[in-house]
Amino acid sequence: TFQVNMSGQTISANGIHIAGSFQGFNPSSTMMMLSSTPGVYTYTTNIPDGVTIEYKYINGNTFATVEQVPAACGVTDGFGGYNRAATITSDTTLPAYYFGTCATVAPGAISGMVSYDNTAATAMTNTSVSLRSGSTVVATANTGSTGSYTFNNVPNGSYTLSFVTTKPWVGVNATDALRVAQFAAQQVTLSPIRFLAADVNNSNTVNNTDALQISQRTSQQRSSFTAGDWRFENPSITVSNNQVTQNIKALCSGDANGSGTPNLSLREEFTSMDEMGVVRTNNGSYSFNIVSGLETRLGAATVVVRLPEGVVVRNVSSLLASDAVQFTQQGTTLFISWFTLADCQVSAGSPVFRVEAQGEGEGVLMVSSQTELANDWAEPLAQHGLRAPRFVKSSFDGVSVYPNPVRDRALVTSETNISLVEVLDVTGRVLYTTAASSMSVSIDLSAIPAGQYLVRVTTDSGIQTERIVRY
């Protein structure tokens with residue numbers, strides 16, 4: 001009687017067969033039947049005493065699904081593989097070997113789930129998993145729709161796992177750089193997988209160099225990390241005739257706060273940034289501010305904006321702290337990354353960045369869905385609320401009032417000398433006036449109630465009126 005234990009196997013719709021020297025090694029003529037022992041299939045036949053037979057079990061009815069008999073319990077089949085063998089001397093019931101193994105007890109197995117270390121524990125689908133004994137790959141598997149993987153028939157021993165995924169690098173920005181800087185300053189702790197993700201230069205330490213490199217990649221100043229794009233846990237696994245469950249966490253390199261969601265269908269959307277004031281681009285070099293629309297404590301900013309055609313950025317600086325701003329312009333897209341450990345309280349209307357630029361352009365800044373502000377504890381804010389002026393081409397010696405809306409102080413600028421600035425309510429009543437002899441005048445509106453007003457500016461070119469909102 002032949003026996004094979006098919007536990008842990010997906011049984012073919014064509015059934016379980018045996019092929020051997022006793023029946024001409026025909027893969028489809030001899031079907032085995034399920035016995036009363038769960039998972040065990042049997043076949044009984046008459047074989048003369050003293051005959052040595054060779055055989056294999058088949059999960060189906062073709063040699064395409066024949067078991068791979070280990071050399072340890074097989075004899076060469078003449079084709080680079082092995083057959084099982086037995087010498088029959090009396091009525092014999094052969095051992096119920098597990099399919100493809102030399103074991104009659106449950107062979108070792110390693111299985112588990114691979115998931116991204118975010119709040120949702122997103123399944124890492126379509127990821128290649130390699131089972132390694134030392135540096136040798138002994139088996140490979142791909143994760144399924146739930147991120148699961150399985151290795152069956154694993155011999156006893158010690159193993160590690162390695163992983164390859166085609167998923168894109170996601171979820172990393174200036175907020176992560178801030179979290180890494182906080183760790184370096186011993187303000188926060190990192191779990192083992194997040195420490196691994198934070199170590200982007202693969203130095204086995206996490207410090208401000210890693211934070212800087214994360215900020216540089218966020219601003220497109222670098223395209224890769226020494227550590228690669230992905231990090232996976234890599235525990236040592238010991239198999240001893242047992243079923244081992246080993247779940248694995250993964251992160252993109254640099255995603256120190258675990259905010260990413262691995263997705264092959266990333267979409268970036270640009271929308272118009274809220275306007276505040278006007279910047280005239282016809283006179284060569286100029287500067288403008290990117291302004292906060294929120295009142296918050298700010299610790300990091302990732303800003304991706306699309307500039308009007310023709311605008312070239314020369315420098316970006318922080319107006320909140322002395323920490324350097326990383327920036328790169330690619331075509332019309334400007335990438336900005338900045339973080340600080342300093343105490344930065346910002347109000348609505350407070351300038352965050354000063355951008356120095358040149359080149360004629362017209363239109364508004366378009367802000368990307370990748371833009372994110374974070375508070376001083378590296379917690380992303382629900383919205384960024386950033387504002388910037390409209391870009392206009394004009395040969396008129398015009399006047400601009402900035403910021404707008406304004407909280408306390410506004411700056412009035414003109415391309416010719418300003419002699420008088422007046423603030424009027426909607427009825428025409430003058431509420432504020434100041435004489436000047438300059439192309440730039442700061443006005444204090446702190447004593448005026450919130451509302452809409454007119455700013456009347458007298459210059460050498462004439463009188464111009466601008467509408468302004470105080471909040």
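Computed from heavy atoms alone, side chains included, the values below leave out hydrogens, waters and symmetry copies.
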For residues F353 and F288, establish whether the separation of their ring centroids is below 6.0 Å. no
Rounded to the nearest 0.5 Å, what separates atom CG in L196 from atom CG in L190? 11.0 Å
Taking Q326's backbone N and O only, do any of them form a donor-acceptor pair with W338's side chain (distance below 3.5 Å, no angle check)? no
Is any NZ, NE, NH1 or NH2 atom of the basic residue among E233 and K249 found under 4.0 Å from an Asp or Glu carboxylate oxygen of the other? no
Examine F2 together with Y55 and report whether their ring centres are nearer than 6.0 Å. yes
With side chain to side chain donor-acceptor pair (under 3.5 Å) as the criterion, how do R306 and S368 come out once you've worked through the C-alpha distance, each side chain's angles and the decisive distance to 0.1 Å? CA-CA 8 Å; R306 188 171 290 161; S368 165; over 6 Å; no
Side chains of I47 and I53: does their closest heavy-atom pair fall under 4.5 Å? yes
Short side-chain donor-acceptor distance under 3.5 Å, K167 and T125: yes
Determine, stepwise, if the pair N173 / E372 fulfils side chain to side chain donor-acceptor pair (under 3.5 Å). CA-CA 8 Å; N173 56 27; E372 177 183 277; 3.0 Å; yes
Close side-chain approach of F151 and V129, heavy atoms under 4.5 Å: yes
Taking the side chain as C-beta and beyond, is there a heavy-atom pair between V40 and M6 under 4.5 Å? no
Could you tell me whether the side chain of D210 and the main chain of N201 form a donor-acceptor pair under 3.5 Å? yes
Derivation of the salt bridge (charged side-chain N to carboxylate O under 4.0 Å, His left out) call for D77 and K56: CA-CA 10 Å; D77 62 5; K56 288 181 177 179; 3.0 Å; yes
One pair to check against side chain to side chain donor-acceptor pair (under 3.5 Å): S28 and N61. What are the steps and the verdict? CA-CA 5 Å; S28 61; N61 59 3; 5.9 Å; no
Taking the side chain as C-beta and beyond, is there a heavy-atom pair between D343 and R297 under 4.5 Å? yes
Close aromatic pair by centroid cut-off 6.0 Å: F225 and W230: no
Kindly indicate, with the supporting measurements, whether the criterion salt bridge (charged side-chain N to carboxylate O under 4.0 Å, His left out) is fulfilled by R217 and D229. CA-CA 11 Å; R217 189 165 179 183; D229 284 354; 3.0 Å; yes
Using only atom types and a distance under 3.5 Å, with no angle test, would you say the side chain of T245 pairs donor to acceptor with the backbone of S111? no
Hey, mind stepping through S350 and S292 against side chain to side chain donor-acceptor pair (under 3.5 Å) and telling me if it holds? CA-CA 5 Å; S350 298; S292 171; over 6 Å; no
Is a salt bridge present between E362 and R390, judged by a nitrogen-to-oxygen distance below 4.0 Å? no
Within-4.5 Å side-chain heavy-atom neighbours: F232 and V114: yes
Is any side-chain heavy atom of T281 closer than 4.5 Å to one of Y286? yes
When you compare the side chain of T371 with that of L386, does any pair of heavy atoms fall below 4.5 Å? yes
Taking the six-membered ring for Trp, are the ring centroids of F183 and F195 within less than 6.0 Å of each other? yes
Is it the case that S215 and S337 place a side-chain donor and acceptor less than 3.5 Å from each other? yes
Tell me whether N118 contacts the main-chain N or O of T122 through its side chain, where contact means a donor paired with an acceptor under 3.5 Å. yes
Decide side-chain contact (heavy atoms from CB on, under 4.5 Å) for R84 and Y57; before the verdict, give the C-alpha distance in whole Å, the side-chain angles of both, and the deciding distance to 0.1 Å. CA-CA 9 Å; R84 298 185 186 276; Y57 299 116; 3.7 Å; yes
Say you draw a straight line from CZ of R132 to CD1 of I237; how long is it, rounded to the nearest 0.5 Å? 13.0 Å
